[in-house]
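Following: one structure in structure tokens, then a few remarks.
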Amino acid sequence: MVACAKVISKTIQVETKGHSDVIDVTSDVEKVLERAGLVDGIVSLFVVGSTAGITTIEYEPGLVHDIKVALDKVAPENGHYEHHERWGDDNGHSHIRASLMGPSLTIPFSNKKLLVGTWQQIVLIDFDTRPRTREVIAQIIGS
Amino acid sequence: MVACAKVISKTIQVETKGHSDVIDVTSDVEKVLERAGLVDGIVSLFVVGSTAGITTIEYEPGLVHDIKVALDKVAPENGHYEHHERWGDDNGHSHIRASLMGPSLTIPFSNKKLLVGTWQQIVLIDFDTRPRTREVIAQIIGS
Amino acid sequence: MVACAKVISKTIQVETKGHSDVIDVTSDVEKVLERAGLVDGIVSLFVVGSTAGITTIEYEPGLVHDIKVALDKVAPENGHYEHHERWGDDNGHSHIRASLMGPSLTIPFSNKKLLVGTWQQIVLIDFDTRPRTREVIAQIIGS
């Protein structure tokens, strides 16, 4: 007998420094999962805004550096962007990096625990060119 | 007391011009969400086919141009692809761009409204080399 | 009348060769979906670990080659990585490729069938530098 699934909504607020700041939000997600009280299901994460992304990474300073280097090849900070011409903005690379990485990530949980690897942290990357307060919506669906 | 979640399936049809055509489908997603009648949950979007992707972007002509420039660095339209040698196709870059961007995106909603940012639109990008009619499956899960 | 959704958890084990090995797991996902016995909903896939990713691709040898070429531009196998300096590892590119591709993918199903395209296969890509046994968690949510 499998129980009916429920949806429980939580919001995680994250203070960032911008400039591709990589922030480990794993413990924040664990906390909202614990408060939700569900046993098995998924946590669907979504960052509001068009200049930030969510993914997983082994959160250590080396890789935090390396991912910025890789993204700078595809969307260089000092590149030319039509977005700048039209809007007088300086964050064309921020938008492009965010759209390529994507704003959503879905993490499974079982027995009230996130099923991530030991060296796999959930991270928000804020690509914008200034500090921001970010909202990550966590829709927890399960039974 | 939290109500049991339901699944409601909708299909969104999108006409594209191909060639990395970026199409804002936000209002289409809002419409199927309204018809579904659910209050809180997620819309899980999936584009059928291996030459299109889904993400979010600030939908304005500058960034629509800029994202094509970025993707052309990773998977150039005029590059060499083994896919062409084997199948006589001309859309190797279309496949690679689609696989890197990914076909799925999950958007939360609350009080019947999508929780996207003001400048964050949901877009289908059709990377194929000809106009296509695309099907986006929207699985709406919530209560 | 729409029935309440349930969550059914399955695990798929995948043996890989590492080195950006691209493995078609579509039939594995179809099998766990069949065993789950649900009719309409989503399969939320997540690969445990920080050096593998999941996406869809037309699974044929040409594109399996081409996607490695594209990823090698962004995160070259022979590049310099701070991750190596700090940890003595050789898999900096594996981590970066995995973080960019992402560990999660959500696939809709209807009438017990995955709604993927005919030429659209679900693939695990193992970017690590050695053979691995991978766990893919499949959370099947539906009614």
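Just so you know, these numbers come straight off a predicted model, no measurement behind them. A, B, ... follow the sequence lines: proteins, then strands. Residue 1 opens every chain.
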Report task. Mark yes when over 12 heavy atoms from residues, nucleotides or ligands other than A:Glu85 sit less than 6.0 Å from its CD; otherwise mark no. Result ->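 Result for CD/A:Glu85: enclosed.
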Looking at [X] and [Y], would you say the former's side chain and the latter's main chain have a donor-acceptor pair under 3.5 Å?
X        : Y        : answer
C:Ser50  : A:Trp119 : yes
C:Gln139 : A:Phe109 : yes
A:Thr106 : C:Ser44  : no

Query raised in the report: Relative to chain C, which of A:Pro108, A:Gly117, A:Gly142 shows the most heavy atom pairs under 4.5 Å?
Result: A:Pro108
Report task. Pick whichever of A:Ile57, A:Ile54, A:Ile141 has the most heavy-atom pairs under 4.5 Å with chain C. Result ->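 Of the options given, most contacts go to A:Ile57.
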Report summary line: If you tally heavy-atom pairs under 4.5 Å between each of C:Ile137, C:Ile140, C:Thr51 and chain A, the highest tally belongs to C:Ile137
Query raised in the report: Given side chains that start at C-beta, do those of A:Leu105 and C:Pro103 come closer than 4.5 Å, heavy atoms only?
Result: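 Yes; the side chains approach each other to less than 4.5 Å.
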Query raised in the report: Would a 4.5 Å heavy-atom cut-off, applied to side chains only, mark A:Pro61 and C:Glu82 as touching?
Result: no
Query raised in the report: Among residues 62-77 of chain A, which ones touch chain C with a heavy-atom distance under 4.5 Å?
Result: A:Gly62, A:Leu63, A:His65, A:Asp66, A:Ile67, A:Ala70, A:Leu71, A:Lys73, A:Val74
Query raised in the report: After noting the C-alpha distance and the side-chain angles of A:Ile42 and C:Phe46, does the key distance pass the side chain to side chain contact (heavy atoms under 4.5 Å, CB included) rule?
Result: CA-CA 10 Å; A:Ile42 57 170; C:Phe46 183 85; over 6 Å; no
To the nearest 0.5 angstrom, please state how far the [atom1] atom of [X] sits from the [atom2] atom of [Y].
X        : Y       : atom1 : atom2 : answer
A:Ser143 : C:Lys6  : OG    : NZ    : 9.5 Å
C:Leu100 : A:Arg97 : CG    : CZ    : 11.0 Å
A:Asn111 : C:Ser9  : CG    : OG    : 9.0 Å

Report task. Sort A:Glu60 into side chain, backbone, both or neither according to what part of it lies under 4.5 angstrom from a heavy atom of chain C. Result -> side chain
